[in-house]
Every structure is written in C-alpha cells, then in structure tokens.
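Please read all numbers here as calculations on a predicted model, not as lab measurements.
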Amino acid sequence: MLILFGMPIVQLLLFGFVITNDLKDVKMAVVDHSKDSYTNEIINKITSSGYFKLTDNLESINQVEGVFRKGEVKLALVFEPDFATNLTKESKAKVQILTDASDPNMANLAVNYLQGILQNYNLEINRGKVLPFQVKPQTRMYFNTSLESVFMFVPGIMATILMLVSAMMTSISIAREKELGTMEILLVSPLKPLQIILGKVTPYLLLSFINALVIVGMGYFVFGVPVLGSFALLMAESILFILLALSLGIFISTVSNSQQVAMMLSMFALMLPTILLSGFIFPIRNMPLPLQLISNIIPPRWFIVVIKNIMLKGVGFEYIWKETLVLIAMTTVFIGLSVKKFKIRLE
Amino acid sequence: MKDEKQVIRVRNLFKKFGDFTANHDLSFDVYKGEIFGFLGANGAGKTTAIKILSGLSYPTSGEIEVAGFDVYKQRELLKRNIGYMSQKFSLYEDLTVYENIRFYGGIYGLSRKEIKMKADELLTTLNLEHVRNKRIGELPLGWKQKLAFSVAILHNPDIVFLDEPTGGVDPVTRRQFWDLIYEASRKGITVFVTTHYMDEAEYCDRVSIMVDGKIEALDTPSELKKQFEAKDMDAVFLRLARNSSYQE
Ligand SMILES: Nc1ncnc2c1ncn2[C@@H]1O[C@H](COP(=O)(O)OP(=O)(O)O)[C@@H](O)[C@H]1O
Ligand SMILES: [Mg+2]
C-alpha cells in the first residue's frame with residue numbers, strides 16, 4: 001500500500017524538481033578576433049548574467065570543435081575581426097554562436113538566452129542614437145546539425161532498455177527461483193554458485209547485446225542517427241554497461257525474496273533514476289545540486305555520456321576513459337557485493 | 001535387518017538465528033538403508049536441520065557428517081551424494097515433465113542416454129507416460145510431488161532428504177507416495193523424511209520427535225509407544241508437546 005501511494009508522490013517530486021529549465025553556469029569558450037572594448041563589454045554582460053561561465057579563450061575557430069569534444073564546454077562565441085569598427089562605422093557587427101548540439105535541449109536553450117542578452121545589449125547601446133547599431137548573432141550547431149532530439153533519445157533509450165532487460169529481468173528471474181524453491185534445488189546440487197549465476201545471466205547478456213545492436217541499427221537506418229566513432233568501441237562499452245546492469249540485477253535478487261520485491265526494487269532503484277536522473281530526459285546541469293550529486297552514482301548517467309560521445313561526436317577512447325573507469329569500478333563493486341551476499345545466503 | 005553403518009552422524013548441532021536457537025544440541029545417527037522420520041510441529045526446527053544436513057546452510061556449531069563427508073569441508077562431495085526435495089515445490093512449473101527430468105539429470109552430470117533411460121523408467125513406474133510432454137504446472141499436486149521425489153533420486157544418491165513431501169496431499173496419494181519411499185529404501189537409499197503427520201511416523205523405521213528445537217525422543221515407533229504408554233504416535237506426540245509447554 002505504501003508503495004502504491006508512495007510511487008506517484010516520488011515520481012511527482014522527482015519530475016517537479018528535475019524539470020527546471022533554467023540554465024546555470026554553462027561553460028563557454030570565446031574566440032575574439034577583435035579584442036576591443038565592445039567585445040569586452042559583451043563578454044562581461046554575458047558572464048555576469050550568471051547563466052554562462054567563460055572558461056576558454058581560443059585563438060581560432062578551428063579549436064572550437066576540439067574543445068566541444070572534451071564535453072565540458074557547450075558553447076562558443078566568435079567575434080569577427082574589427083568588431084568595434086564595423087559596429088561604429090557600418091553599424092553592423094557579427095558574432096557567431098556555436099553550440100554543441102549533442103544535447104539539443106541545452107543547445108536551444110543556451111542560444112535563446114544568448115540572443116536575449118545580445119538583444120538587450122543592442123537596445124542599450126542604441127539608446128538615444130539615430131542610427132541603430134546592430135550586433136547580429138549567427139548560430140551554428142555542432143555534432144547534431146539538424147538538432148533532432150531523437151539523437152538524444154537513442155543513447156537514453158539504449159541505457160533504459162539495457163537496464164530493463166539486464167538488471168530488472170535478471171533480478172526478477174533469480175528472485176522467482178528463490179520464491180518457487182527451485183533455487184534451493186540448484187544450491188543443493190553439485191553446481192557451484194558461480195555456475196548457477198552464469199547460467200542465469202548468460203541468456204540475458206545475449207538478449208541485451210542483441211537489443212543494443214537493434215537500437216543502434218534502428219537509430220542509424222530509421223532515424224539517421226550516425227555512429228561517428230568506432231563501432232567496436234561502442235559495442236565494447238555497451239557490453240561493459242550490460243555487465244554492470246547484470247551485476248546490479250544479481251545484487252537486487254540477493255536482497256529480495258520474492259518477485260514483487262525484486263520488481264519494486266528494480267523500479268525504484270534502477271528504472272526511475274535511469275529515466276529521470278541520468279540526463280536522458282532532463283539535463284543534469286539543470287537539476288538542483290542534491291540531485292546532481294545523486295546522479296553521479298547512477299550508472300546510466302556515465303554510459304549515456306559515453307555513447308553520446310562515441311556516436312555523435314565520434315571521439316575515441318582517450319576522451320571517455322574517465323567515464324569508462326567509473327563504469328568498470330561500479331561493475332566491480334556490485335559483482336563483489338553480490339558474490340559476498342550470495343555466500344551469506346548460504347549461512 | 002538394517003546395515004549398522006552410519007550414513008548421518010550428528011553431534012551437538014546448534015543453529016542460532018540471532019538470539020533465537022532453532023536447533024538446540026541435536027545428536028543422532030542415521031543408519032544405511034533406514035527410513036528415518038524427523039517429526040515435529042510447525043516451527044520445531046525441522047527445515048532448519050534438514051538444510052544443514054544437505055549442505056544448504058552452515059550450522060552455528062556441532063560436528064556433522066553426511067554420507068561420510070563433513071558438512072563444513074566437503075560440501076561438494078556431499079552434494080554429489082545426496083538428493084533433496086524441498087518443502088516448497090521444486091520443479092519448474094513452466095517446463096514439461098520431460099524437460100524437468102532432463103534439466104535435473106544434466107545438473108547432476110548424467111549423460112544424455114542415461115537421462116533418457118531413467119526418464120522412461122521413471123515415467124513407467126509412476127504411470128505418467130501420458131503427461132511426458134505436459135507442463136508441470138498443469139498437473140495435480142499429488143503427481144507433482146511424486147515426480148519431484150523421483151527426480152530427487154534420479155542420480156542414485158546415498159541419502160535422500162524429504163522435507164514435508166506429503167504436505168497438502170490427499171491420503172490416497174500420500175499412501176502411494178510412501179510406496180515410492182519404500183521402493184527407494186529397498187534400493188538401498190537412506191531416507192530422511194520430515195513430517196508433521198503423526199500417522200506417517202508409523203511407516204518409519206525410527207523416528208525422532210523434535211519440540212522447540214530439541215530432540216525430545218528418538219526410537220522405533222513401537223518402542224516409543226511402549227515407553228509413553230500410548231496407543232498411537234499421535235498420543236506420544238501430544239504427551240511430549242504437553243511436557244514441553246509445562247516446562248516453560
Ligand atoms: N533464516 C531464518 N532467520 C530467522 N529465523 C528463522 C530462519 N529460518 C527459520 N527460522 C525460525 O526457526 C524456527 C524453525 O523453523 P523451521 O526449521 O522452518 O521449522 P519447521 O520446518 O519445523 O516447521 C521458526 O521459528 C522459524 O521462524
Ligand atoms: Mg519446515
């Protein structure tokens with residue numbers, strides 16, 4: 001009963017907290033070919049708004065893509081040469097806004113905010129002048145040029161489905177054997193615990209892997225989501241994530257004695273966070289701090305970053321080794337815990 | 001005419017769950033080929049003990065040897081030489097009768113040929129040839145229990161542990177079930193069976209009666225009836241149960 005009533009409330013709270021579409025401290029790079037008082041002023045305006053934070057001063061527009069690939073910086077401003085001269089003489093100067101659109105929600109939002117700030121600036125400098133000056137922004141998106149949210153969805157769906165198949169199904173199926181008593185028969189047989197676990201897990205490993213292939217394939221052939229990076233790397237990371245999900249599933253099954261408990265635990269501890277807190281639907285940077293911290297311990301969060309980077313940015317392993325390491329660490333911890341728990345169960 | 005060789009040897013077995021002692025200082029022997037009844041009311045600690053003997057859980061303390069193997073150090077060997085039928089029903093409901101037999105045969109390392117032969121033999125004995133390819137879930141409880149028992153001794157173990165095998169089964173099927181037990185016993189398999197049906201105690205060679213985690217009596221049914229001046233096992237049990245509650 002508690003669960004029945006608790007669930008909608010928790011969901012509501014999570015949704016309520018998570019969907020705050022405000023920007024905060026979006027990291028920004030600047031390529032200032034002009035370096036005059038006007039460009040300085042504009043940069044100041046933008047950084048003092050609180051929405052953006054200047055992190056990199058670049059020499060050339062060619063460096064932008066490299067910075068984006070690292071994943072921290074989401075936005076770059078490019079001021080044309082002789083910005084001030086153009087503005088005062090021709091009353092028209094150009095600034096280019098470049099965004100990393102592998103996160104389309106974010107990119108759109110950031111561009112809108114920036115345009116707002118520039119508009120205000122236009123109004124300010126033109127106050128009382130006959131000839132209106134104009135700072136004209138031009139926008140360009142990187143990595144996901146058509147800004148399709150399906151690009152975002154593929155990694156998210158992949159994480160969710162793999163979680164569902166690997167973790168939830170495994171935990172339920174093991175819990176089912178415990179509930180029905182067949183697990184005792186397996187335990188009393190000469191089979192080793194490891195063999196039992198492998199026997200249970202292998203079908204789901206295969207199933208999950210096929211699912212991963214299907215999702216990537218569907219994304220590619222139906223929606224045109226590219227796989228810019230190495231396909232082998234993508235699959236290797238997927239297998240790592242599947243292993244992690246399986247170990248989570250085993251862990252859940254060791255602490256639950258019935259299918260219902262296993263299902264509830266999977267729902268609450270795995271599925272909801274995967275959907276809500278992994279950055280799949282709601283950008284992590286927009287969450288309140290406590291939720292941001294929590295999102296760090298949610299495995300799919302790291303996985304989504306990894307596959308987004310491989311698929312949409314085409315980066316190699318050197319850019320995602322940190323996330324990979326986190327996933328490996330989590331897998332090790334949960335396998336360790338499950339093995340320990342499984343032994344204790346034999347007490 | 002029983003062989004006097006011990007196949008189960010238990011000395012000072014204790015099992016504690018926190019503060020609660022589920023098995024208190026159990027000591028007994030079971031001899032080869034014997035049908036040993038392990039009696040007690042619900043919650044007496046029968047399942048707890050049977051799980052320890054079959055290597056499913058560790059005792060808190062005590063010396064225990066089953067089929068000549070130590071339950072602490074030789075679990076793998078022990079498991080190879082015993083059969084176990086759990087108190088919960090333990091076949092896969094959504095597999096067919098034959099698939100279940102094949103699965104368990106496989107677990108115990110029987111060859112394909114052996115499995116097929118054993119399956120034919122078993123189904124003929126049970127008169128269940130016609131449900132060979134039916135899902136277990138569709139069968140009546142009595143049939144399922146008989147199948148579960150036959151599967152538990154598929155690999156010819158030295159000892160088979162049966163935990164309340166006849167729970168919830170009608171008297172006629174219970175009687176048939178005991179025929180299967182006798183049959184196994186004739187083949188030299190030692191049978192260790194728990195039950196809370198006192199009439200079944202009469203079918204055993206020897207019985208122990210457990211009350212609140214302790215063994216209060218252990219002998220042949222006829223000796224026990226003599227000792228407690230009771231006309232049947234029910235009366236013996238009632239007397240013991242009453243004693244125990246007076247003491248508390
Ligand atoms: N894992 C456990 N943790 C705590 N108490 C347990 C556990 N298993 C059994 N018990 C307790 O031990 C007692 C004996 O249980 P059990 O051996 O199942 O009895 P029986 O099989 O004779 O009906 C019961 O009171 C039960 O609640
Ligand atoms: Mg019991």
Side-chain angles (χ1 to χ4, degrees), chain A residues 164-165 168-207 249-263 266 336-347, chain B residues 15-18 22 47-48 50-60 66 69 71-72 74-95 100 103-110 136-137 144 148-149 151-152 154-155 157 159-164 167:
Chain A
L164 188 81
V165 174
M168 193 152 161
M169 308 259 273
T170 311
S171 69
I172 291 175
S173 97
I174 296 183
R176 181 181 148 83
E177 297 231 9
K178 278 167 79 173
E179 191 177 333
L180 296 180
T182 46
M183 190 51 121
E184 278 194 344
I185 296 302
L186 296 181
L187 287 172
V188 88
S189 77
L191 293 179
K192 302 208 166 60
L194 191 67
Q195 287 175 304
I196 299 174
I197 290 189
L198 283 182
K200 289 259 63 162
V201 152
T202 314
Y204 293 108
L205 178 68
L206 289 178
L207 193 62
I250 297 168
F251 180 68
I252 286 182
S253 73
T254 58
V255 296
S256 41
N257 278 314
S258 72
Q259 294 175 73
Q260 267 96 335
V261 175
M263 191 156 110
S266 307
L337 279 179
S338 319
V339 168
K340 216 170 143 208
K341 268 276 169 194
F342 212 79
K343 288 225 176 91
I344 290 174
R345 231 186 73 72
L346 288 176
E347 273 297 303
Chain B
K15 176 71 181 185
K16 297 192 172 144
F17 297 110
T47 299
T48 307
I50 215 168
K51 279 189 178 172
I52 292 170
L53 295 180
S54 49
L56 269 173
S57 66
Y58 283 113
T60 308
V66 175
F69 302 111
V71 295
Y72 298 96
Q74 299 172 298
R75 292 170 88 87
E76 299 303 321
L77 288 166
L78 186 158
K79 286 178 173 184
R80 248 170 234 292
N81 290 285
I82 61 161
Y84 171 74
M85 182 175 161
S86 119
Q87 172 181 332
K88 293 179 196 164
F89 180 67
S90 49
L91 296 175
Y92 288 90
E93 301 260 340
D94 37 17
L95 296 184
N100 266 288
F103 180 73
Y104 286 105
I107 289 182
Y108 283 92
L110 301 188
I136 290 277
K144 291 199 248 181
F149 174 70
V151 166
L154 200 67
H155 58 295
I159 309 166
V160 62
F161 292 94
L162 310 173
D163 197 359
E164 307 214 5

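- Atom CG of A:Leu187 is separated from atom CG of B:Leu56 by 6.0 Å, given to the nearest 0.5 angstrom.
- Heavy atoms of A:Gln195 lying under 4.5 Å from chain B are absent altogether.
- Of all heavy-atom pairs between B:Tyr108 and A:Ser189, the closest is OH-CA, 3.5 Å.
- Proximity to chain A (any heavy atom under 4.5 Å) is shown, for B:Phe161, by neither the backbone nor the side chain.
- Residues B:Ser86 and A:Ile185 come closest through the heavy atom pair N-CD1, 4.3 Å.
- Residues A:Leu186 and B:Phe103 have side chains in contact (heavy-atom distance under 4.5 Å, counting atoms from C-beta outward).
- With a 4.5 angstrom heavy-atom cutoff, B:Ile52 does not touch chain A via any of its atoms.
- Proximity of B:Leu91 to A:Thr182: side-chain heavy atoms (C-beta onward) are nowhere separated by under 4.5 Å.
- Evaluation of the salt bridge (charged side-chain N to carboxylate O under 4.0 Å, His left out) rule for B:Glu76 yields no partner, not counting sequence neighbours.
- Salt bridge present: A:Glu184 and B:Lys51 bring a charged side-chain N and a carboxylate O closer than 4.0 Å.
- Contact count against chain A (heavy-atom pairs under 4.5 Å) is highest for B:Lys88 among B:Lys88, B:Gln87, B:Met85.
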